[in-house]
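Below: one structure, written as structure tokens.
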Amino acid sequence: MYLELAVQTKEREQFINITQQLNDLLTESKANNGCCTVFVSHTTAALTVNEDADPAVMDDLLMFLQQMVPLKNGYRHREGNSDAHIKASLLGCSLHLIIKTGHLDLGTWQGVFLAEFDGPRRRTVKVWLD
Amino acid sequence: MYLELAVQTKEREQFINITQQLNDLLTESKANNGCCTVFVSHTTAALTVNEDADPAVMDDLLMFLQQMVPLKNGYRHREGNSDAHIKASLLGCSLHLIIKTGHLDLGTWQGVFLAEFDGPRRRTVKVWLD
Amino acid sequence: MYLELAVQTKEREQFINITQQLNDLLTESKANNGCCTVFVSHTTAALTVNEDADPAVMDDLLMFLQQMVPLKNGYRHREGNSDAHIKASLLGCSLHLIIKTGHLDLGTWQGVFLAEFDGPRRRTVKVWLD
């Protein structure tokens, strides 16, 4: 079953926790046990699973990515967002997650995050429920 | 259903757009809606989804990876291609993609790329169609 | 079918080859052809596929990650393991692997590795067999 989530981002770069939205979507769709594919259909955004508890973890990840991938670096792409494309490929655009009794079967501290690297924009997260 | 794609690379390092080849494979296999796993069965190659429109984006990604992962760095592996193994793990070897009416359900600007980091070689891309 | 693997790590940072354990699990579960999702339910560990033959490859990858992601870097997260969270997101927590006649259909040199970045700990690897 094909499902979709719309996420409005507010900064050029930020992580947005979409765990609750994904779980709500699974509940509405009467998912039970199985798997789902989560896919972000953009080239300057990504998906990652990391700590849901202390927001400083995602702040640190964002700061590190900004240090590692320079904004200006003699890039050939003329739109000025090559750093965003690079970060997107480093984190990746697809996740495959296990579902248990209708909810994402994540670890205690895990959440699913949309990574925005060239916002603010309206982003689409596609979900395929096996 | 198990499917396979052969890709001949021509440089030591390059990105090769395999979107069309994957879509042709799905068409031949009469895929409709669902998912597929795309997997590169090599340790010095990878898969990534990024911009299909301006080739400069993939040039920038390749240049960045070359800057970030030094070719020589006191590595212990004696074959001289540790940089390629490292880049392969950073991008990853498996994608899970949604299929809509027989085609990969990618975003407007997205394409699927085989990343060659130690070519030229003949590479195998394995596809499992759910 | 839901399956689970327990892995006891012994160092703060190490790669543990779990290919044999995964194949044993598939054999016990009478898996035949298809796919499985492998998921590590922790935020300071990851999964990656890379060379199974010369252990120096994984040593080089670990050394590179230690160089790239500083242990101390003005991080905001107070537990002192932000480097581990960052490395986890760079490698990723989920793999989708093809199964052929009951075994992981990996390339000749490929193995599946659990990446421990904040051990020693007891880690859980979740497997969903389609």
Side-chain angles (χ1 to χ4, degrees), chain A residues 15 17 19 31-40 46-69 86-101 103-115 117 128-130, chain C residues 1-7 34-49 64-65 67-98 114 117-118 121-130:
Chain A
F15 286 106
N17 192 331
T19 317
N32 190 10
N33 294 324
C35 267
C36 67
T37 299
V38 188
F39 183 82
V40 65
L47 293 168
T48 194
V49 172
N50 215 309
E51 180 167 328
D52 204 355
D54 177 8
V57 170
M58 299 315 278
D59 293 345
D60 290 341
L61 177 56
L62 195 55
M63 182 198 68
F64 171 79
L65 289 170
Q66 288 166 345
Q67 287 175 352
M68 183 172 65
V69 187
I86 292 167
K87 290 167 193 161
S89 271
L90 289 173
L91 291 198
C93 65
S94 85
L95 292 172
H96 207 233
L97 303 172
I98 300 172
I99 303 167
K100 204 178 210 165
T101 58
H103 283 74
L104 295 175
D105 186 23
L106 301 171
T108 316
W109 309 106
Q110 286 182 316
V112 182
F113 294 85
L114 172 80
F117 295 124
W128 180 268
L129 187 57
D130 283 341
Chain C
M1 189 194 315
Y2 177 78
L3 306 165
E4 225 176 79
L5 214 68
V7 182
C35 266
C36 68
T37 300
V38 187
F39 183 81
V40 65
S41 58
H42 308 280
T43 57
T44 54
L47 293 168
T48 194
V49 172
F64 171 79
L65 289 170
Q67 287 175 352
M68 181 173 65
V69 187
L71 185 58
K72 292 181 189 295
N73 189 27
Y75 297 122
R76 294 190 48 223
H77 182 50
R78 305 285 285 271
E79 290 181 32
N81 62 355
S82 287
D83 67 306
H85 287 286
I86 291 166
K87 290 166 193 161
S89 270
L90 289 174
L91 291 199
C93 65
S94 85
L95 292 172
H96 207 235
L97 303 173
I98 300 173
L114 172 80
F117 294 125
D118 193 30
R121 298 196 194 209
R122 188 177 167 82
R123 300 300 198 172
T124 302
V125 177
K126 301 180 176 206
V127 179
W128 180 268
L129 187 58
D130 284 340

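Reckoned from all heavy atoms, side chains included, excluding hydrogens, waters and symmetry mates. Proteins get letters first, then strands, A, B, ... in listed order; numbering begins at 1 in each.
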Could you tell me which of [options] has the largest number of non-hydrogen atom pairs under 4.5 Å with chain C?
options                     : answer
A:D54, A:L95, A:L90, A:D105 : A:D105
A:T48, A:N33, A:I98         : A:I98
A:H96, A:M68, A:K100        : A:H96

Which bit of [X] is near chain A, if near means a heavy-atom gap under 4.5 Å: side chain, backbone, both or neither?
X      : value
C:Y75  : both
C:M1   : neither
C:N81  : neither
C:V127 : backbone

### Query
Looking only at atom types and distance, does a side-chain atom of C:D83 sit under 3.5 Å from a main-chain N or O of C:V69, one as donor and one as acceptor?
no
### Message
I'd like to know if the side chain of A:Q110 and the backbone of C:H42 have a donor-acceptor N/O pair within less than 3.5 Å.
### Response
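Yes.
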### Task
Please look at A:L61 and chain C and tell me whether the side chain, the backbone, both or neither of the residue comes under 4.5 angstrom of a heavy atom of that chain.
both
### Message
If you apply the rule side-chain contact (heavy atoms from CB on, under 4.5 Å), what do you find for A:W109 with A:D52, and how did you get there?
### Response
CA-CA 6 Å; A:W109 309 106; A:D52 204 355; 5.8 Å; no
### Query
Does some side-chain heavy atom of C:V40 sit less than 4.5 Å from a side-chain heavy atom of C:T124?
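No, side chains not in contact.
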### Side chains of A:F117 and A:L62 in contact at under 4.5 Å (non-hydrogen atoms)
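A side-chain contact exists here, since the closest heavy-atom pair is under 4.5 Å.
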#### Entry: Check against side-chain contact (heavy atoms from CB on, under 4.5 Å), A:L91 and A:F113
CA-CA 11 Å; A:L91 291 198; A:F113 294 85; over 6 Å; no
### Query
Using a cut-off of under 4.5 Å for heavy-atom pairs, which of C:I86, C:D130, C:L129 has the most such pairs with chain A?
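Option with the greatest count: C:I86.
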### Message
Students often mix this up, so state it plainly: with edges at 30° and 60°, are the rings of C:H85 and C:H77 parallel, tilted or perpendicular?
### Response
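Correct class here is perpendicular.
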